[in-house]
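Remarks on the structure that follows.
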Amino acid sequence: MINKGVKNRTIWYFLPDYDQPSWGGGMLYHHVDMLNQNGFNAVLLHENSPFKLDWLHMDVPIRYLNQGEMSLSNGDVIVVPEGFVEDKRMREASARKIVFVQNCFLMLLNLKKACAYGELGYEHAFTYLPHLHTIIKRHFSIKTTDIPPFVAPYFYLDPAKATPFRRKKQIILFPKPGSYDYDLILKLLRKKINGMGNRHEPWEIIELRGKTHRQVAAAFQGGSIFVCLNTHEAFNSSVPEAMAAGALVLCYEAYGPGDFLENTKNAFVFANNHAYPLIDKLFEIMDNYDLLQDQLATMRRNAYQTACQFTRTKTEKALKDFFRNF
């Protein structure tokens, strides 16, 4: 049961108006949805009406700062992403404050100096994965609760289809404007495919541009290989999303994903910015794709099992348990 005082408060999730696909922002929408489904009053707080995340297609209660719709009552809570803890509107809000740390590289964004979160008015922190819990304990001095991330259910193949089957020879890439690595790998990959001619079923490059989250899921479920070049990530959600969808992953370690990635077991993992070793492995797979099916199938099964650790049910339970006692 939720006591009366807890039930009557509102839990506000602040999210600046940024419509580029980011599961970090999507996760805040899902937190609001989960809380409302479990008897709490939760609201998403954006800056300017009528902004909302177009790529996610979720209906949650939204209020807007420019409309003066942040009306706080006694006992209300505001959850703020780590990169915006210094936002004046959040600092001055008369509510209990929680910082939501999804990425350790953004923790000092917009801060003039490193300091304990308590000095900024925050009394608790949410974290994603074990490495974040350790960082906060060492450097930011605040009570911390792990609220694990999850992979959206529509990425998961039916378990019966997570076993080997023939896939299109598609290499899926997320465009990285201004990335030396992305430009390098894309050009070398195009050269490689052109050089292979028509002796075999041709490989195809799929660049994910302007797609909704569900369209990305469909692409992952159809393609053979996903190459991810992110280097500053905590969860790096596209990697476990591809794993859930049955695509083989080649990626950088990106620091945080070391909590669940195992090189050659559930993915091919490379040190950050080691583009040439990654492209060499990719070419090796392309040249020997038919001969490697058994090994790759085993990796895909292992990857699927890894992705199955990140369920909405686990996230919802952690969130519900926390707010019942906070």
Side-chain angles (χ1 to χ4, degrees), residues 21 155-157 161-231 236-254 257 261 263-304 306-307:
F155 278 88
Y156 287 92
L157 291 175
K161 295 181 180 179
T163 53
F165 67 96
R166 189 72 180 178
R167 287 191 164 216
K168 298 175 184 177
K169 287 188 173 180
Q170 292 179 340
I171 299 168
I172 301 169
L173 306 172
F174 264 127
K176 298 280 289 184
S179 166
Y180 292 126
D181 291 16
Y182 189 87
D183 184 66
L184 172 72
I185 287 175
L186 180 61
K187 289 175 179 176
L188 287 174
L189 188 53
R190 285 173 174 166
K191 177 176 179 290
K192 171 70 172 177
I193 292 173
N194 289 337
M196 295 177 79
N198 296 318
R199 293 176 291 113
H200 309 284
E201 176 189 348
W203 284 89
E204 180 184 7
I205 299 171
I206 303 295
E207 291 188 88
L208 297 177
R209 300 178 186 273
K211 294 186 181 295
T212 67
H213 209 218
R214 289 181 181 271
Q215 289 170 335
V216 171
F220 281 159
Q221 289 176 353
S224 302
I225 298 171
F226 173 52
V227 176
C228 181
L229 302 176
N230 293 347
T231 58
N236 204 5
S237 59
S238 60
V239 168
E241 286 171 350
M243 289 175 162
L248 180 72
V249 175
L250 286 80
C251 63
Y252 292 150
E253 58 192 4
L261 289 178
N263 185 36
T264 72
K265 181 177 180 180
N266 57 12
F268 289 107
V269 186
F270 302 86
N272 285 351
N273 302 114
H274 283 213
Y276 284 103
L278 187 152
I279 200 72
D280 288 345
K281 174 56 70 174
L282 179 59
F283 288 177
E284 177 188 334
I285 294 170
M286 293 168 67
D287 287 336
N288 300 282
Y289 189 65
D290 292 330
L291 298 175
L292 293 172
Q293 284 303 300
D294 288 344
Q295 177 192 352
L296 301 183
T298 298
M299 289 183 67
R300 287 177 53 229
R301 282 194 295 269
N302 292 338
Y304 184 84
T306 298

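Everything numeric in this text was worked out from a predicted model, so none of it was measured.
By the side chain to side chain donor-acceptor pair (under 3.5 Å) test, T231 is found to be paired with no residue, residues two or more places apart in sequence or in another chain being considered. N263 is linked by a side chain to side chain donor-acceptor pair (under 3.5 Å) to nothing, counting only residues two or more places apart in sequence or in another chain. For D287, the side-chain contact (heavy atoms from CB on, under 4.5 Å) criterion is met by K192, M196, not counting sequence neighbours. The salt bridge (charged side-chain N to carboxylate O under 4.0 Å, His left out) search around D183 returns K187, not counting sequence neighbours. The side-chain contact (heavy atoms from CB on, under 4.5 Å) test applied to L184 returns L188, A275, Y276, not counting sequence neighbours. With sequence neighbours excluded, the residues that form a side-chain contact (heavy atoms from CB on, under 4.5 Å) with A303 are M243, N266. Remark: F226 engages F174, F220 in a ring-ring contact (aromatic ring centres under 6.0 Å, His included) (not counting sequence neighbours). Listed by chain and residue number, L250, F268, F270, E284, I285 satisfy the side-chain contact (heavy atoms from CB on, under 4.5 Å) test with K281 (two or more places apart in sequence, or in another chain). For Q170, the side chain to side chain donor-acceptor pair (under 3.5 Å) test picks out E204, with sequence neighbours left out.
Under the side chain to side chain contact (heavy atoms under 4.5 Å, CB included) test applied with I225, the options L282, L296, I172 reduce to a single match, L282.
In terms of heavy-atom proximity, I205 sits nearest to R190 at CD1-CG, 3.7 Å. A pairwise comparison of heavy atoms in L157 and G246 identifies CD1-CA, 3.9 Å as the closest pair.
Looking at heavy atoms from C-beta onward, C251 lies in side-chain contact with L261 at the 4.5 angstrom threshold. In this structure, the side chains of W203 and S224 come closer than 4.5 Å at one or more pairs of heavy atoms. Two residues are said to be in side-chain contact when any heavy atoms from C-beta on lie closer than 4.5 Å; V227 and L189 fail this criterion. The shortest distance between side-chain heavy atoms of C228 and V239 falls below 4.5 Å. At a threshold of 4.5 Å between non-hydrogen side-chain atoms, the residues K265 and T306 do not count as touching. Between N230 and Y252, the closest side-chain pair of non-hydrogen atoms is not below 4.5 Å.
Within the structure, the salt bridge (charged side-chain N to carboxylate O under 4.0 Å, His left out) test picks out the following pairs touching residues 209-231 (sequence neighbours left out): E207-R209.
With values rounded to the nearest 0.5 angstrom, L208 atom CG is found 8.0 Å from L173 atom CG. To the nearest 0.5 angstrom, L278 atom CG is 9.0 Å from D181 atom CG. We find the CG-CD distance between N273 and E253 to be 10.0 Å, quoted to the nearest 0.5 Å. Between the OG atom in S179 and the CG atom in L186 there is a gap of 10.5 Å [rounded to 0.5 Å].
A donor-acceptor contact shorter than 3.5 Å is absent between the side chain of R300 and the backbone of A245. When atom types are taken as modelled, the side chain of Q295 and the backbone of L292 share no donor-acceptor pair closer than 3.5 angstrom. Under the 3.5 Å distance criterion, the side-chain polar atoms of Y289 are left unmatched by any main-chain donor or acceptor of K169. Looking at Y156, its side chain does come within 3.5 Å of a backbone N or O of A307 through a donor-acceptor pair.
Residue-environment remark: CG (D294) stays at or below the threshold of 12 foreign heavy atoms within 6.0 Å.
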